[in-house]
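Reviewing the structure listed below.
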Amino acid sequence: MLGSARAWLEEWAEEGLEQADAPADARGAGAAHPAPAAAESTRDRAPSAATRASLQAVREELGECTRCGLHAERSQIVFGDGDADADILFVGEGPGQQEDRQGLPFVGRAGELLTQMIEKGLEIPRSSVYICNIVKCRPPGNRTPLPDEVAACSPFLDGQIAAVKPKVIVALGKPAASLLLGRDVPITRIRGTWHEYRGIPLMPTLHPAYVLRQYTPENRKNVWSDLKAALARSRGEA
Ligand code: URA
């Protein structure tokens, strides 16, 4: 459905974005999309051993977790993926079927869209950001995680955030934004506005699965603008 990088960017540009907002290569008629920039575009240092060790410590503490009922039906724990020293940390809701199979977050349809937004929209490699979820095991039928499941898992999300120390957190969708803000938030109203989580700038935006379901120019334009703001802030440009 998403097609090639250029087609995808042109679709975003044609259906919702100002030309000036489109990534540079989406503006030129024949321009080929460049390979995602080297990780140095957002990272100017090698991953620190301390950060890796700390993330590893969080993973070890999680173990073969049975703290909530979600363990019963999972194939495997989906801990997180990406740069342990990332400037941007994305938080989603919970693993879906593909994630449960592969052991990696955001590798299904919603993940494909998130990856496209990161690599073809922001023009940074997916491997330069860190991606995780509020719960690490797949809720049956992809239902929203229950409060006790979120509560059991949230110390591990806190541990991941503390280990990575991102410059910006992007909360994908209402459950992630509500957890990190400590209250039930209307995501369509608060998206695009800056908040803080433990002193770290937090940008709530729409979940990619929601964007796939409601594939409107307005939703695409809004997510694009939120992600651009997050990238700029992570680079100290805003
Ligand atoms: N895949 C994930 O890993 N998390 C989500 O929230 C949705 C899909």
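Predicted model, so just to flag it, every value in this text is computed and none were measured. Just so you know, ligand 1 is whichever comes first in the structure, and atom 1 is the first atom listed for that ligand.
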### Task
Work out which heavy atom in Val170 is nearest to a heavy atom in Ala230; give both atom names and the distance.
CG2-CB, 3.7 Å
### Task
Search all heavy atoms of Phe106 against all heavy atoms of Leu172 and return the closest pair with its distance.
CZ-CD1, 3.8 Å
### Query
Just checking, any donor-acceptor pair under 3.5 angstrom between side chains of Asp100 and Ser75?
yes
### Query
Have Ser234 and Asp87 got a donor and an acceptor in their side chains that come within less than 3.5 Å?
no
## Note on the structure
atom 4 (N) of ligand 1 sits nearest the protein heavy atom Asn133 OD1, 2.8 Å
### Query
atom 2 (C) of ligand 1: which protein heavy atom is closest, and how many Å away?
Gly94 O, 3.4 Å
### Message
Below a 4.0 angstrom heavy-atom separation, can you tell me which part of Glu99, side chain or backbone, both or neither, approaches ligand 1?
### Response
side chain
### For Glu149, the option from Arg67, Arg143, Arg74 that meets salt bridge (Lys or Arg N to Asp or Glu O under 4.0 Å)
Arg143
For [X], take its heavy atoms, then give the atoms of ligand 1 lying under 4.0 Å from any of them.
{"X": "Glu93", "result": "5 (C), 6 (O)"}
{"X": "Pro105", "result": "3 (O)"}
{"X": "Gly92", "result": "6 (O)"}
{"X": "His207", "result": "5 (C), 6 (O), 7 (C)"}

### Query
Same cluster or not: are Val135 and Leu89 linked, directly or through other Ile, Leu, Val, Met, Phe, Trp or Tyr residues, by side-chain heavy atoms under 4.5 angstrom apart?
yes
